[in-house]
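Every chain is numbered from 1 and lettered A, B, ... according to where its sequence line falls, protein lines coming before strand lines. Reckoned from all heavy atoms, side chains included, excluding hydrogens, waters and symmetry mates.
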Amino acid sequence: LISEITQKIKKNIANHLNDDLLITLINDEGKDAAFAKIVAFYKIPLYWHIRKIIFDHDDTDDVLQNAFIKAWKGLDGFRAESKLFTWLYRIATNEAISFLHAKRKKLLISVEELNNAILSELESDCYFDGDEQQLRLQKAILQLPEKQRIVFTMKYFNDLKFSQMAEILDTSEGALKASYHHAVKKIEEYLTK
Amino acid sequence: MGALNNIPKSNPFKVPEGYFEEFDANLSERIYQECNEKKRKWKISGLKPYIAIAASFLLIFSVWALVLNRFEKTEKQENPVSVDNPEFSYFENLNTNAVIDLVTTEELFFEASGTDWELVPELTDQIDLSIIMEAI
């Protein structure tokens, strides 16, 4: 019974992975074990964070793996740095933005052309199950400038606090609130057209 | 947020079946590959000093060989009569008239007739055999 309770407590702790616990894990169980717990805890929220920016599943998978590899490489230097949550979301966001920039450069197309390509892929994507309204919403999101798009996605879908977003994106809360406000306004306009 | 509120907030995106379950294993494989690649690069970089030393020796040898080759060529140009191949040197500046003079002088004829003409490649360019035959 005691071991069962211990297991449950351990599971509960693992589900609430915090920075102090992670540092303890790295010290006690080693980098591999700590990293495995990070991946188990963050893979789903980070996947959806990236997917809402990139849209395509395969590309999201690549970007997510790259983000975790960066985290793996930087884990040794993590201890004295920012919060794990902020650090991982920042890596994932930067990787997603870099991916879009690289894709645009590779295809030699403008931002608008890239968004149109993403949209046409989305319409035929077997991993997109949205109805007409949801597709329209995604189209509206794609019309937004890159920064507004990321801010809107993080707030509207991921329900992150402005204070958390400010840490991740290294911007002031005021600027983020203004960005979100503009994004919502543009989306409303697009949807009521 | 009128129009936006009318749209259900449910997630319209899907993932392939078993994606999240397999993700950890796929990631571990990629990290393993990256580590191996890093080790391979490290091994190559470990050999770098030796490769550099070998390349330096090769460079020094090449420069030395080149300088020696140039020096020998210059020496030959300055002193065309070579002591190594007197037979070739004898015929080196030979032309049609010289051959006529040579073969019409009995003493020299015998000396020249003992020569293997095939061994003198430039000779055919320098002389006209038909003129020589007429002169004889």
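Between B/Pro8 and A/Gln133, the closest heavy-atom pair is CD-OE1, 3.9 Å. For the pair B/Ala3 and A/Thr192, the tightest heavy-atom approach, listed with the atom from each and the gap, is CB-CG2, 3.9 Å. A/Gln65 approaches B/Arg30 most closely through the heavy-atom pair OE1-CD, 2.6 Å.
Heavy atoms of A/Ile187 lying under 4.5 Å from chain B belong exclusively to its side chain. The parts of B/Ser10 that come within reach of chain A are both its backbone and its side chain, each placing non-hydrogen atoms under 4.5 angstrom from that chain. Heavy atoms of A/Asp125 lying under 4.5 Å from chain B are absent altogether. Neither the backbone nor the side chain of A/Asp56 comes within less than 4.5 Å of any heavy atom in chain B. Looking at A/Phe35, only its side chain comes within 4.5 Å of chain B, counting heavy atoms on both sides. Only the side chain of B/Phe23 comes within contact range of chain A, with at least one heavy atom under 4.5 Å from a heavy atom of that chain. Residue A/Leu122 touches chain B through its side chain alone, counting heavy-atom pairs closer than 4.5 Å. Neither the backbone nor the side chain of A/Lys185 comes within contact range of chain B; no heavy atoms are under 4.5 Å apart.
Judged as a side-chain contact (heavy atoms from CB on, under 4.5 Å), and not counting sequence neighbours, the contacts of A/Ile109 are A/Arg104, A/Leu107, A/Glu113, A/Leu114.
Side chain of A/Lys43 to backbone of B/Asp24: no donor-acceptor contact under 3.5 angstrom is found.
Counting heavy atoms from C-beta outward, A/Asp131 and B/Ile7 have side chains that stay 4.5 Å or more apart. With a 4.5 Å cut-off on side-chain heavy atoms, B/Val15 and A/Trp48 count as touching. Side-chain contact check for A/His57 versus B/Lys14: every heavy-atom pair is 4.5 Å or farther apart.
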Intermediate values then yes/no, side-chain contact (heavy atoms from CB on, under 4.5 Å), B/Asn6 and A/Leu191: CA-CA 10 Å; B/Asn6 293 333; A/Leu191 293 173; over 6 Å; no
Notebook entry, point to check: Does the pair B/Phe13 and A/Tyr127 meet the rule for a ring-ring contact (aromatic ring centres under 6.0 Å, His included), with working shown?
Noted result: CA-CA 6 Å; B/Phe13 295 97; A/Tyr127 297 119; over 10 Å; no
Open item on the list: Between B/Asn11 and A/Lys52, is the side-chain contact (heavy atoms from CB on, under 4.5 Å) condition met? List the steps.
Closed with: CA-CA 10 Å; B/Asn11 187 0; A/Lys52 297 279 167 55; 3.7 Å; yes
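The number of heavy-atom neighbours closer than 6.0 Å to NZ of A/Lys70, taken from other residues, nucleotides and ligands shown, is 12 or below.
If you chain together hydrophobic residues whose side chains sit under 4.5 Å apart, B/Leu68 and B/Phe61 fall into the same group. Follow the hydrophobic side-chain contacts under 4.5 Å out from A/Val111 and you never reach A/Tyr190; the two are in separate clusters.
Considering CZ of A/Phe68 and OG of B/Ser28, their distance stands at 11.0 Å, rounded to 0.5 Å. If you take CD on B/Glu34 and CG on A/Asn66, they are separated by 8.0 Å, rounding to the nearest 0.5 Å.
The choice from A/Leu137, A/Leu135, A/Ile44 that makes the most heavy-atom pairs within less than 4.5 Å of chain B is A/Ile44.
Under the 30°/60° scheme for interplanar angles, the aromatic rings of B/Tyr19 and A/Tyr47 are found to be tilted.
For the pair B/Lys9 and A/Tyr156, the cation-pi criterion (under 6.0 Å, within 45° of the ring axis) is fulfilled.
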